Amino acid sequence: MRLSQRFGRTLREDPSEAEIISHRLLQRAGFIKPLASGIYTQMPLGWRVSRRIMDVFRYEMDALGCQEMAMPILNPAEIWQETGRWDSVGPALVRWKDRNERDMALAMTHEEALTDILKSELDSYKQLPILVYHMQTKIRDEPRPRAGLIRVREFIMKDAYSVHKNQADIDKFYPKMIQAYRNIYQSCNLDITEVEADSGMMGGSASHEFMLMSESGEDSIFISNDGKYAANGERAVFDKGMPPEEAQAELEEVHTPNCKTIAEVADFLGVPQTKTVKAVFYVAHNKTRDFIFVVIRGDLPVNEVKLGNALGGLLFEAATEDEIEAVGAVPGYASPIGLAKDLGNGRKLIIVADDSAVNFPNLVGGANKIEYHVKNVNARRDFEPDIIADIALAQDGDKCVDSEAVLELRRGIEIGHCFKLGTRYSKPMNITFLDENGKAQTPIMGSYGIGVGRLMAAIVEQHHDDNGIIWPQNVAPFDLHLVSLAKKAKEKAMQQAETLYQALTFAKIEVLFDDRRESPGVKFADADLIGIPWRVTVSNRSLKAGGVEVKQRHQSGKGEIIPLEGFVEYIIKKIQGK
RNA sequence: CGGAGUGUAGCGCAGGUGGUAGCGCACUGGCUUUGGGAGCCAGAUGUCGGCGGUUCGAGUCCGUCCACUCCGACCA
């Protein structure tokens, strides 16, 4: 492609709204253009990178025996209703009505679409495993798009799906997919950390995320300092300490003036925060708007993802002061002791206790009375939790569960996620097949996703310098950036550059040819910004020195003069050798 | 959804106390220049985010809506 003909241009200055490096550089180099919040156009150069990234995906998926297909973005509501996600995922799922007033959705992922096909296509264990993938636009109306291509409302995802006859079969396949993902990141020269993750709205039994560690990441990642444990903050488990051996003591009310926070109470009574218990309140998004009364040791924050899982995927929001008082609790001095579980009209009060609040004896808690707390609260004796689970949020410096190692908090960008879905979709959609014994079985499924644009941004985050992007060869928009420093068509350098452009193109090298009438400074600055790994300069000076100048983007200083004779063969070897 | 900030030419920005809009880059034509974002001359480019109000007069003051960016999504 000739740079003089390119649609899109480089900017001399950073766009003012761009904060993170990948957003700045991709926009400044003309790879992407914003249309609205979280919605971007891929300009020709950006689309070339996307295509190369998709080539990498295709190569790895095909190697696993996955078959490429294409499922629709427009989905009927019914399939989402069958799996329950029509109601459970919230406004991120874009809904619309067709001209006949039928409820429809724009697919945010394709488990439903794929599983629906199985209804008619899957009969026999002999067909399994089914391994498929597609690369399709996803629509997600995110609450807050951010950081350029990192979190957007429309993006292309490579999502693969596997269908298995039993758990053993997916257990055998899953590591192969994980390895394929590792290969993808390696092809993009990305340094990736694998972490255990929560499966979120996808459901299922296990999942692994691939994280790019970065200060601009939006996920909290905990990595043990012995390197043996890594998990997303949504899931990370930690050691809450051994409960002291003491006999349960009698409840005792104490006057605690001006002690609304745990820190104030602990300080006032002279006890550590680990000897206190606190209450946190939510209201469920169900028909009866059940009240969720969370009890947790005073020093620990609540992990809402774990809490949601403990509640079986129930959606909820923080309760207001009025709602708290309406159930008989006193904000700042709240306690589950003595509260009615039946709130009338079928509305329930659900007490969810973190295991810490149950295992630790004789804690200080609220008295449901202004300026009073009670000592020696013991769960089960003084109140009955409906659910006991680990719902605590890990914090920097917490101890690991099975070792003396300590968890370190870091930030990361999620750029790939693999899920073991179990029967999360096959069961509600009534998918069965006949096994070897002629018995109907429900298949086990997996899904494996990676976003094209986010990966592009991640690559830029890891591969750039002060002058611009430095693309890894496999995903660069072009193989080679050919710069002619001549301005007039009749100059020898321009004619040589033209000849070289034709020859390289004929040899199937993808060349970006800077044939513009611009000064050398402009051309070199643009070449650095765009970031193609090989730069070949043709000028009167280089010709006098005996050929053309070859320089790699990541090298500093001057390049090397290579003779024109045999140049095409020379550069092909160089590019392929990389 | 809550909080903060910003909207003036394609991009980056300036426009005390109200008087009818400018700078740099980019763009068009011409001449010169040619290895790290060139120089000179001549030009083109604006619903000052929208609507409403105050005023003889609003980019500027008031109200309202919209868009974009950032922070937060709990700890009683």
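Letters A, B, ... mirror the listed sequences (proteins, then strands); counts begin at 1. Nothing here was measured: the structure is a model prediction, and the numbers come from that model.
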The side chain of Phe524(A) lies closest to which of these nucleotides: C70(B), G37(B), G35(B)? G35(B)
Step through the shown structure and confirm whether more than 12 heavy atoms of other residues, nucleotides or ligands are within 6.0 Å of CZ on Arg2(A). yes
Assign each of Lys551(A) and Leu300(A) to its nearest nucleotide of RNA chain B by heavy atoms, then name whichever residue's nucleotide is nearer the 5' end. Lys551(A)
Looking at A26(B), which nucleotide sits across from it as a Watson-Crick or G-U wobble partner, both distances under 3.5 angstrom, or is there none? none
Under 3.5 Å, is there an N or O donor on one side and an acceptor on the other linking the side chain of Ser16(A) and the base of G12(B)? no
Sort out the partner of C75(B) for me: Watson-Crick or G-U wobble, both distances under 3.5 Å, none otherwise. none
Expressed as a whole number of Å, how far does the C1' atom of C70(B) sit from that of U28(B)? 39 Å
Which residues satisfy the salt bridge (charged side-chain N to carboxylate O under 4.0 Å, His left out) test with Glu304(A), sequence neighbours excluded? none
Quick one: look up who C68(B) pairs with, Watson-Crick or G-U, both distances under 3.5 Å, and put none if it's unpaired. G5(B)
Measure from the side-chain heavy atoms of Leu11(A) and tell me the nearest of C11(B), A38(B), C74(B). C11(B)
Counting only side-chain heavy atoms from C-beta out, which of G12(B), C70(B), G35(B) sits nearest to Ser539(A)? G35(B)
Looking only at atom C1', what distance separates C11(B) and C68(B), rounded to whole Å? 16 Å
The residue, Pro143(A) or Thr10(A), whose nearest nucleotide of RNA chain B is more 5′ is Thr10(A)
Can you find a donor-acceptor N/O pair under 3.5 angstrom joining the side chain of Arg12(A) to the base of G10(B)? no
Step through it carefully: locate the ring centre of Phe478(A), locate the ring centre of Trp471(A), and say whether they are under 6.0 Å apart. no
Re U20(B): Watson-Crick or G-U wobble partner, both distances kept under 3.5 Å, found to be none
Among C27(B), G37(B), C74(B), find the nucleotide with the atom closest to the side chain of Glu304(A). C74(B)
I'd like the P distance from C51(B) over to G37(B), given in whole Å. 44 Å
Within residues 28-37 of chain A or reaching into it, pairs that qualify as salt bridge (charged side-chain N to carboxylate O under 4.0 Å, His left out) - sequence neighbours excluded: Asp14(A)-Arg28(A)
